[in-house]
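Atom set for the values below is all heavy atoms of this structure, side chains included, hydrogens, waters and symmetry mates excluded. Counting starts at 1 for both ligands and their atoms, in listed order.
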Amino acid sequence: SATAGPGRGALIVFEGIDRCGKSTQCSLLLESLRKQGVRAELWRFPDRTTLIGGLINEYLQKQASLNDAAVHMLFVANRHEKREEMLRLLAGGTTLVLDRYSYSGVAYTAAKAVPHLGAGFCRSVEAGLPAADLVVYLDLDPEQSAARGGFGGERYEKVEFQKKVRSQYAALADERWLRLDASQPAEQLHGQLAAAVRRVVERAAAGEPLGQLWD
Ligand code: TMP
Ligand code: MG
């Protein structure tokens, strides 16, 4: 099996605008990895269960206001506080499926177009976190995501802002990202990422070193 190598677990990240289907795909992937005998965990960022995550949650639910720099730093801190646990799990052979990661940090804050919070700055504060072995980008027109049962009323769930986030993702994506058309049915989408996932899980198990942001 893919877990039998001398190596580590893979870091697989799902990205995309709100309501593009990330959580569904993460669950489907976790289930299929486990069926194949791959030890795997599903995490999401923000991790709202930590102290820092609690502040982020209040901000997103519009119960607290914070300026753009402050909330950006909280999202970043919320990843850095999980760094050692991520590294430990990966080193121990567990594959991590992440529902959002550093790429959300860059895309959402850069979409605000605050001069001192550009993409370059946003990338810099992610440095030292483990790099994804695979970024699966679920691309969807914000008009379509908004039509999916409606937005949940969180702070960023507005079509105009989501369009800016989508442009930021387009700027951030490189040729290593697996970009998929997220308007397809969930099972069909899931089928389209199986091969790429298998490849990175096998490479990680075979001992390919884990990268660091921003290799
Ligand atoms: P969620 O809908 O996946 O729970 O994410 C909550 C919101 O937070 C979503 O609108 C994306 C946004 N976000 C950031 O602005 N910066 C970040 O670093 C992350 C991880 C999420
Ligand atoms: Mg959301």
Side-chain angles (χ1 to χ4, degrees), residues 11-30 42-83 85-86 96-114 116-132 135-140 142 144-173 182 213-214:
L11 185 59
I12 299 166
V13 173
F14 283 79
E15 288 286 356
I17 62 170
D18 285 278
R19 303 276 159 144
C20 68
K22 288 181 302 303
S23 303
T24 302
Q25 289 305 319
C26 285
S27 304
L28 288 172
L29 179 59
L30 185 74
L42 168 52
W43 287 16
R44 61 183 312 147
F45 285 109
D47 176 346
R48 302 188 197 213
T49 67
T50 70
L51 271 173
I52 292 164
L55 296 172
I56 294 170
N57 185 52
E58 286 191 31
Y59 172 82
L60 289 171
Q61 309 231 321
K62 303 175 196 164
Q63 292 155 1
S65 28
L66 288 164
N67 76 23
D68 292 324
V71 77
H72 182 76
M73 306 306 184
L74 291 179
F75 278 111
V76 175
N78 187 230
R79 285 183 282 280
H80 281 280
E81 70 176 329
K82 305 293 285 190
R83 177 179 178 271
E85 196 183 344
M86 278 194 273
L96 283 178
V97 177
L98 302 186
D99 187 340
R100 298 194 181 281
Y101 190 49
S102 300
Y103 316 92
S104 285
V106 179
Y108 278 74
T109 295
K112 293 180 173 182
V114 176
H116 60 285
L117 301 175
F121 167 78
C122 294
R123 289 167 63 99
S124 72
V125 285
E126 304 293 330
L129 290 170
V135 178
V136 181
Y137 174 53
L138 302 184
D139 190 32
L140 191 64
Q144 286 189 51
S145 64
R148 288 183 166 181
F151 284 150
E154 285 209 327
R155 193 176 285 270
Y156 298 138
E157 295 181 342
K158 297 188 190 82
V159 171
E160 283 318 306
F161 185 69
Q162 298 283 321
K163 285 183 182 167
K164 293 176 182 159
V165 174
R166 191 186 192 202
S167 309
Q168 290 299 328
Y169 273 124
L172 191 59
L213 293 177
W214 291 86

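- Within Asp18, the N, O or S atom at minimum distance from the Mg ion (ligand 2) carries the name OD1.
- Gln162 and Ser145 are not linked by any side-chain donor-acceptor pair at a separation below 3.5 angstrom, with hydrogens and angles left out of the test.
- Side-chain atoms of Tyr101 and Glu15 include no donor-acceptor pair closer than 3.5 Å.
- Here the side chain of Lys164 pairs no donor or acceptor atom with the backbone of Ala110 at under 3.5 angstrom.
- Because its NZ or CZ atom is both nearer than 6.0 Å to the ring centre of Tyr59 and within 45° of the ring axis, Arg155 counts as a cation-pi partner of that residue.
- For ligand 1, the 4.0 Å heavy-atom shell contains residues Asp18, Arg44, Phe45, Pro46, Arg48, Leu60, Phe75, Arg79, Arg100, Ser104, Gly105, Tyr108, Tyr156.
- In this structure, Tyr108 and Tyr169 have perpendicular ring planes: the angle between them is above 60°, well past the 30° mark.
- The aromatic rings of Trp214 and Tyr103 sit perpendicular to each other, their planes meeting at more than 60°, with 30° as the lower class boundary.
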